[in-house]
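Let me begin by presenting the structure, written as structure tokens, before commenting on it.
Note that these values count all heavy atoms, side chains included, but never hydrogens, waters or copies made by symmetry. Remember, it's 1-based here, ligands and their atoms both numbered in the order they're listed.
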Amino acid sequence: TPEARLDSFEDKLAADVKIEPRDAMPDAYRKTLIRQISQHAHSEIVGMLPEGNWITRAPTLKRKAILLAKVQDEGGHGLYLYAAAETLGISRDEMIDALLEGRAKYSSIFNYPTLSWADIGVIGWLVDGAAIMNQVPLCRCSYGPYARAMVRVCKEESFHQRQGYDALVAMMQGSEAQRAMVQESVNRWWWPVLMMFGPHDKDSVHSETSMKWGIKRISNDELRQKFVDATVPQAEVLGITLPDPDLKWNAERGHYDFGAIDWNEFWQVVNGNGPCNRERMAARVKAHEDGAWVREAARVHAEKQAARAAA
Ligand code: ACO
């Protein structure tokens with residue numbers, strides 16, 4: 001009976017046994033995973049654009065090789081994640097159409113421009129740092145294929161975070177102009193990075209069910225706080241000021257207090273009106289159109305192979 005199958009889903013959750021693609025699962029669990037994993041995949045793919053912008057202008061051969069590898073890793077993450085979502089019964093074409101038609105979300109952070117070389121370091125340090133904070137708990141997500149994809153993704157993200165911090169350390173040991181470039185970049189990215197964790201818990205529509213189902217293990221606000229607590233000492237080592245006059249240690253809470261996030265800006269960006277939303281979507285649409293001949297060639301080749309096998 002359907003109830004018996006639901007019981008076994010809940011038994012598995014209670015026992016912390018991973019849910020696998022062929023297991024029974026509530027339709028809403030399947031839907032929310034498709035939503036989250038496809039948004040995550042789109043974020044990785046769109047996330048290649050802001051950094052790709054600097055590949056031709058990296059200051060040294062070493063920095064260029066690192067940046068190329070990192071942007072390729074992000075493409076790889078997108079592909080693992082599309083594959084993980086496909087195990088839930090949606091096709092890659094459907095997901096990509098949703099992105100290109102503007103029906104799918106992707107992380108707000110990738111709608112901001114990369115204006116200086118320092119932005120590449122700051123994206124590694126702060127954007128990838130925030131991504132790791134959010135993704136490490138996803139390695140324990142109840143859905144097997146997503147959890148396993150996250151293990152490799154997190155290892156690569158850790159390298160991304162370190163390379164960003166390393167680039168910033170080098171710049172901070174350079175000239176006054178380089179230090180000013182890093183500070184200006186941190187000033188622009190800090191608040192959008194805090195928004196990456198999503199709305200406050202009380203405004204997060206999916207949190208309660210996603211926590212119940214073991215998809216989310218730690219809430220948006222808790223992850224944001226952990227990120228701030230981890231980042232403040234790193235900023236001190238770098239010699240950077242974080243642009244928040246309300247940021248200060250609260251001994252009673254054992255955490256840093258920080259200022260109010262501009263949620264109006266967040267929703268503007270999520271709803272398509274950020275500084276680069278149109279540019280990002282136009283770049284993805286063009287890439288998809290430019291790749292049409294590859295899809296066509298692959299289709300014709302597969303047909304020929306099938307016809308040969310049938311003959
Ligand atoms: N950017 C864009 N949309 C966001 C963001 C954000 N930073 N944060 C939340 N939202 C959206 C949610 O997708 C949801 O919209 P939907 O109902 O249309 O799907 C809505 O705002 C409400 O948010 P929540 O109820 O809090 O949504 P959820 O429980 O899914 O939590 C979160 C959001 C934390 C982003 C979660 O989906 C998650 O952990 N995703 C996986 C990680 C990820 O996608 N990272 C991408 C950036 S990191 C990188 O690629 C380098």
Self-check item: Stepwise salt bridge (charged side-chain N to carboxylate O under 4.0 Å, His left out) check, R152 with E156
Solution: CA-CA 6 Å; R152 176 162 177 181; E156 294 179 348; 3.2 Å; yes

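- Counting only N and O atoms by type, the side chains of H40 and Q135 include a donor and acceptor under 3.5 Å apart.
- Here the protein heavy atom with the shortest distance to atom 40 (N) of ligand 1 is Q36 NE2, 3.4 Å.
- The single protein non-hydrogen atom nearest to atom 13 (O) of ligand 1 is Q39 OE1, 2.8 Å, given as residue, atom name and distance.
- A 6.0 Å sphere centred on CZ of R103 holds more than 12 heavy atoms belonging to other residues, nucleotides or ligands.
- Of all atoms in ligand 1, listed by their number and element, those nearer than 4.0 Å to a heavy atom of F266 are 4 (C), 5 (C), 6 (C), 7 (N), 8 (N), 9 (C).
- Between I45 and G75 the shortest heavy-atom distance is CD1-O, 4.0 Å.
- Interface atoms of ligand 1 facing R35, defined by a heavy-atom separation under 4.0 Å, are 13 (O), 19 (O), 30 (O).
- Within a 6.0 Å sphere centred on CZ of R92, other residues, nucleotides and ligands contribute more than 12 heavy atoms.
- In the hydrophobic cluster analysis, where Ile, Leu, Val, Met, Phe, Trp and Tyr join through side-chain heavy atoms closer than 4.5 angstrom, V17 is grouped apart from F9.
- Distance from atom 18 (O) of ligand 1 to its nearest protein heavy atom, with residue and atom name: K105 NZ, 2.5 Å.
- Atoms of ligand 1 lying under 4.0 Å from at least one heavy atom of V205, given by number and element, are 22 (C), 25 (O).
- In summary, E184 and R188 engage in a salt bridge, as defined by a charged side-chain N under 4.0 Å from a carboxylate O.
- For K226, the NZ atom counts as loosely surrounded, since its 6.0 Å shell holds 12 or fewer non-hydrogen atoms of other residues, nucleotides or ligands.
- For P199, every heavy-atom contact with ligand 1 shorter than 4.0 Å involves the side chain, none the backbone.
- Residue contacts with ligand 1 for N220 involve side-chain atoms from C-beta outward but no N, CA, C or O (heavy atoms, distance under 4.0 Å).
- Nearest non-hydrogen protein atom to atom 35 (C) of ligand 1 is M196 O, 4.3 Å.
- Annotation for ligand 1: atoms under 4.0 Å from non-hydrogen atoms of G198 are 8 (N), 9 (C).
- A continuous path of Ile, Leu, Val, Met, Phe, Trp and Tyr side chains, each step under 4.5 Å between heavy atoms, connects L247 with V237, placing both in one hydrophobic cluster.
- Nearest heavy atom pair, residue R148 against residue E20, reads NH2-OE1, 2.8 Å.
- Looking at atom 47 (C) of ligand 1, its nearest protein heavy atom turns out to be S107 CB, 3.6 Å.
- Heavy atoms of other residues, nucleotides or ligands lying less than 6.0 angstrom from CD of E252 number 12 at most.
- Within the 4.0 Å heavy-atom shell around ligand 1 one does not find H77.
- Contact atoms of ligand 1 toward Y146: 41 (C) (distance under 4.0 Å to a heavy atom of the residue).
- Counting heavy atoms closer than 4.0 Å to ligand 1, residue S108 contributes atoms from both its backbone and its side chain.
- Interface of M195 with ligand 1, defined as ligand atoms under 4.0 Å from a residue heavy atom, comprises 7 (N).
- Looking from atom 21 (O) of ligand 1 to the surrounding protein, the closest heavy atom is W267 CH2, 3.6 Å.
- Of the listed residues (H160, H40, E208), the one carrying the non-hydrogen atom nearest atom 45 (N) of ligand 1 is H40.
- Taking the six-membered ring where tryptophan is involved, the planes of Y80 and H77 are tilted, since the angle between them lies from 30° to 60°.
- Considering backbone and side-chain atoms together, H206 places an N or O closer than 3.5 Å to an N or O of ligand 1.
- Shown are V193, N187, L194; of these, the side chain to side chain contact (heavy atoms under 4.5 Å, CB included) with W191 is made only by L194.
- Nearest non-hydrogen protein atom to atom 33 (C) of ligand 1 is K216 NZ, 4.3 Å.
- The protein heavy atom nearest to atom 42 (C) of ligand 1 is N134 OD1, 3.0 Å.
- Between the side chains of D229 and Q225, a donor-acceptor pair is found at a separation under 3.5 Å.
- Contact atoms of ligand 1 toward S204: 24 (P), 25 (O), 26 (O) (distance under 4.0 Å to a heavy atom of the residue).
- Atoms of ligand 1 found under 4.0 Å from any heavy atom of A131 (numbered from 1 in listed order, with element): 48 (S), 51 (C).
- Of all the heavy atoms of L223, none lies under 4.0 Å from any atom of ligand 1, so neither backbone nor side chain is involved.
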